[in-house]
Amino acid sequence: MRWSNLFVPTLRDAPADAEAVSHKLLVRGGFIRQLQSGHYSLLPLGVRVAQKVTQVIRDEVEAIGGQEFLLPCMHPASIWEKSGRIDTMGAEMFTLVDRKGADQVLGMTHEEIFTTVFSEISSYKDLPQIWYQFQTKFRDEPRPKAGLLRVREFTMKDSYSFDIDEAGLDAAFVAHREAYERIYARLGVEARGVEASSGAMGGSESVEFMVNSPAGEDDVAQCGACGYAANLERATSVIPAIDDGEAAGSTERFPTPGVRTIKALAEVEGGAAAERQIKTLVYLLDGELTLLLVRGDHNLELQKLIDLTGAVTVNPAGPETIQSALGALPGSLGAVGVSDLKIYADLALKGRVNMTTGANEDDWHLRGVSVERDIAVDHWADLRRADAGEGCSVCGKPLDVLRAIEVGHIFKLGRKFTEAFGVTVLDADSNPQVPIMGSYGIGVGRAVAAVIESNHDDEGMVWPVNVAPFEVVITVVKVADEKSMEVAEQIYADLRAAGVDVVLDDRDARAGVKFADAELVGIPWRLTIGPRGLEAGQLELVERATGAKSDVAIESAASTLVESVNAARS
RNA sequence: CGGGACGUGGCGCAGCUCGGUAGCGCACCUGCUUUGGGAGCAGGGGGUCGGGAGUUCAAAUCUCCCCGUCCCGACCA
């Protein structure tokens, strides 16, 4: 490629509304342009990187036996009705009506469609299967953000495994886990597999691949001692026991005028420290009013509740609803004596006595509450969000909580879809069996952004060779100099012949501009050709990542580069 | 969906408080000089001031409505 023919609109200034490093650099480097919130055009350099990332993923999925498909991105709504997900996905699906009046949706994932194709298989002899594709997904995200990190339209590698039994699924899952680890290593990101909730997709064992970055949107609890790592959505931790003293004989009402918060109750005369309080939250779970109890100083982790109950819609109840159900407004709520509502309580409240909570009358609280004696808890469960500094539930050492980007997600789907679509295959005994599925996804654009988040410096991007838009740039300092161009053309031809992805910067621009652009777009090696070097018979070679400069003889420049590039590829 | 901010040539911004018909830097075009780290000089092109209504002799500026974009919280590759 000749830079003079390339469309690489680099910018000196980042757009004002970009926040994340990857967003700024992708725009500044001329990789992407925004069409509207959550929808980006990939420019030539963006396409090059995306294609290289795609190829790395393809290699590794093929290596575990994946077969590439390409399914439609527009689906009849009926297929989503059949799986029931048109309701659970709700507003996140783009929907439209065709000219015949048929309801259509834009696919946000492809379990339904792959399962439909799979229904043609009817013998255990044809299992296992791993099917995958790179296809555009559409998700009407409430809040797209940070350039390519969260968008409404994106390419995803999604694969699906079909097996006759759990053992087969386990094997497919492990194979994917290992393939993903190889993929991230080749992309130059440190991604760790962490325990995760499978969310709206449904399923059991679930692992997210996380790259630590302030631009991320997830919080991950990590144990530096034993390696335990889990999304805060399901991370557990151990906390010290609290000495409640002797259980009070009975509960006691006491006035708390104006007290509306945990903090205020902790400070008021006759109140109680936050860890001695019961926080009472009122939620609507699929429309059913429910009380959720956690310790006063703890936070509810909603995802844990959703995973536990399978609830589809979970919303905090409004003040009017709460008032009419409990007789008080938030600030004075409690579960003592409540019998007509379902009550979930966090395990940290189990066995606690002498607790303080709202009396369900504004400006009144109760003390001396023994949780198990005084509250009709229906379900005990881990509902609280783990916090930094709490003990690792595996080894007890303090946990860290770090921001991270979710660059991949694998999980065991189970038989949800094969059952919904009535798919069976015959086993060796001629009995019909419902195959079990796994689902595995990597967002290509997000992976690109994550690579940048992990590989950049003040000058711009620093691409790993495997995914760099070009592996080498030949910078001709003075294009008007015939000798320079002659040498450049020769090395350019040699590198191309050797299979190196090289760009010849033959623009009639000042050297400084070309150097700055090469660094901004992060090309791993720059070979500088100018009259000064030619006179000495030497060319300057600069490695982007380290800034290391070396002089190479004209004759050996190409072979040196071929060697370096080959050594760095993986 | 709740909260906050912003919208002026391709990008970054000023002008708005106190109405008088749009300006700066970068980028772009032409010429000359320069040429190993984002050149200098001279000349030049490009803007429905997000949209619509209203107030006014007069609106980028004031008022109202709408749209868009970004950031923080509830959702996910």
Side-chain angles (χ1 to χ4, degrees), chain A residues 9-20 23-24 27-28 30 33-38 57 88-92 108-109 134-159 180 191 196-201 206 208-211 216-218 231 233 283 300-303 306 313-316 405-411 439-450 459 475-481 484 508-520 526 528-536 539-540 542 549:
Chain A
T10 57
L11 301 173
R12 227 153 166 161
D13 303 303
D17 50 18
E19 194 87 2
H23 186 192
K24 289 182 186 169
V27 174
R28 278 193 61 209
R33 287 294 184 264
Q34 184 182 52
L35 177 64
Q36 60 170 332
S37 179
I57 298 171
T88 55
M89 294 307 186
E92 208 170 320
M108 43 189 293
T109 174
F134 292 89
Q135 177 59 293
T136 305
K137 310 298 186 203
F138 294 89
R139 298 185 185 178
D140 195 353
E141 293 287 344
R143 190 153 96 80
K145 58 172 288 194
L148 295 186
L149 278 173
R150 177 166 216 80
V151 292
R152 303 203 304 171
E153 176 184 348
F154 62 98
T155 303
M156 179 161 93
K157 186 288 296 178
D158 47 327
S159 43
Y180 274 39
S197 154
S198 41
M201 298 294 176
S206 175
E208 288 169 338
F209 289 85
M210 296 292 197
V211 177
E217 299 182 85
D218 287 271
N231 194 312
E233 290 176 352
Y283 273 75
L300 174 71
E301 176 51 60
L302 254 191
Q303 191 63 44
I306 292 168
T313 62
V314 177
N315 295 304
I405 300 168
E406 182 190 342
V407 290
H409 192 178
I410 63 178
F411 59 95
S439 175
Y440 318 87
I442 296 180
V444 174
R446 184 182 285 182
V448 168
E459 314 308 321
T475 302
V476 181
V477 170
K478 190 174 183 181
V479 284
D481 179 56
S484 292
D508 185 14
R510 300 177 69 83
V513 171
K514 299 198 208 185
F515 294 157
D517 277 348
E519 279 150 18
L520 175 60
R526 186 182 82 220
T528 308
I529 300 179
R532 193 211 281 167
L534 290 177
E535 216 158 287
L539 303 175
E540 184 188 71
V542 185
K549 295 182 179 177

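The chains referred to below are lettered A, B, ... by the order of the sequence lines, with proteins before strands, and numbering in each begins at 1.
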So what does [X] hit on the nucleic acid, given a heavy-atom distance under 4.0 Å: a base, only sugar-phosphate, or nothing?
| X | result |
| --- | --- |
| G533(A) | base |
| D517(A) | base |
| A449(A) | nothing |
| S37(A) | sugar-phosphate |
| P142(A) | base |
| E519(A) | base |
| A14(A) | sugar-phosphate |
| E208(A) | nothing |
| K157(A) | nothing |
| G530(A) | base |
| A511(A) | sugar-phosphate |
| Q36(A) | sugar-phosphate |
| V27(A) | nothing |

Distance-minimising heavy-atom pair for [X] and [Y]:
| X | Y | value |
| --- | --- | --- |
| K514(A) | V479(A) | NZ-CG1, 4.0 Å |
| H409(A) | S206(A) | NE2-OG, 2.7 Å |
| R150(A) | R143(A) | CD-O, 3.3 Å |

Checking contacts here: which listed nucleotide ([options]) is nearest the side-chain heavy atoms of [X]?
| X | options | answer |
| --- | --- | --- |
| L11(A) | C11(B), C76(B), G38(B) | C11(B) |
| K549(A) | A77(B), G38(B), G37(B) | G37(B) |
| E406(A) | G12(B), U69(B), C76(B) | C76(B) |
| V151(A) | C1(B), A77(B), G38(B) | A77(B) |
| V513(A) | C71(B), C75(B), G38(B) | G38(B) |
| R526(A) | C75(B), C76(B), G37(B) | G37(B) |
| K145(A) | G12(B), C70(B), C71(B) | C71(B) |

Please enumerate all residues that pass side-chain hydrogen bond (donor to acceptor under 3.5 Å, both in side chains) together with [X], with sequence neighbours excluded.
| X | result |
| --- | --- |
| E153(A) | H39(A) |
| K24(A) | none |
| S37(A) | none |

Whole angstrom is fine here: how far is it from [atom1] in [X] over to [atom2] in [N]?
| X | N | atom1 | atom2 | value |
| --- | --- | --- | --- | --- |
| L302(A) | G73(B) | CG | P | 15 Å |
| H23(A) | C11(B) | NE2 | C1' | 13 Å |
| E19(A) | U69(B) | CD | P | 17 Å |
| N231(A) | A74(B) | CG | C1' | 15 Å |
| E153(A) | A77(B) | CD | P | 17 Å |
| E141(A) | C76(B) | CD | P | 9 Å |
| R150(A) | C70(B) | CZ | P | 13 Å |
| E92(A) | C75(B) | CD | P | 11 Å |

Exercise for review: Just do the side chain to side chain contact (heavy atoms under 4.5 Å, CB included) check on I442(A) and Y180(A) with the steps written out, would you?
Suggested key: CA-CA 9 Å; I442(A) 296 180; Y180(A) 274 39; 3.3 Å; yes
**Study point:** Comparing Q34(A) and E459(A) on RNA chain B - which has the more 5′ nearest nucleotide
**Key:** E459(A)
Point to revise | Residue met sooner reading RNA chain B from 5', once R28(A) and V444(A) are mapped to nucleotides | key: R28(A)
With side chains defined as the heavy atoms from C-beta onward, is the minimum distance between [X] and [Y] less than 4.5 Å?
| X | Y | value |
| --- | --- | --- |
| K137(A) | D158(A) | yes |
| E92(A) | E141(A) | yes |
| K157(A) | Q135(A) | no |

Give me, pair by pair, the N or O atoms of the protein and of nucleotides 41-51 of chain B that are less than 3.5 Å apart, along with how far apart they are.
none

So, is [X] close to the [N] phosphate, meaning a side-chain N or O under 4.0 Å from OP1 or OP2?
| X | N | value |
| --- | --- | --- |
| R143(A) | C72(B) | yes |
| T155(A) | A77(B) | no |
| Q303(A) | A74(B) | no |

Review point. Roughly how far apart, to the nearest Å, are G4(B) and A42(B) at atom P?
Key: 49 Å
Exercise for review: Find the distance between CZ (R446(A)) and CG (L148(A)) and round it off to the nearest 0.5 Å.
Suggested key: 10.5 Å
Name the pairs: protein N/O against N/O of nucleotides 26-35 of chain B, kept only if under 3.5 Å.
from, atom 1, to, atom 2, distance (Å)
C26(B), O3', R12(A), NH1, 3.4
U34(B), O2, R510(A), NH1, 3.0

Practice item. Give the C-alpha distance, both sets of side-chain angles, the deciding distance and a yes or no for side chain to side chain contact (heavy atoms under 4.5 Å, CB included) between S484(A) and L534(A). Key: CA-CA 7 Å; S484(A) 292; L534(A) 290 177; 3.5 Å; yes
Review point. Cation over ring, R526(A) on F515(A), under 6.0 Å and within 45°?
Key: yes
Practice item. Run through T528(A), T475(A), V477(A) and flag the one making a side chain to side chain contact (heavy atoms under 4.5 Å, CB included) with E540(A). Key: T528(A)
Point to revise | Candidate pair F154(A) and V444(A), rule side chain to side chain contact (heavy atoms under 4.5 Å, CB included), full reasoning | key: CA-CA 8 Å; F154(A) 62 98; V444(A) 174; over 6 Å; no
**Study point:** Under 5.5 Å and under 30°: F515(A) stacked on G38(B)
**Key:** no
Identify the pairs formed between an N or O of the protein and an N or O of nucleotides 7-9 of chain B at a distance under 3.5 Å, and give each distance.
none

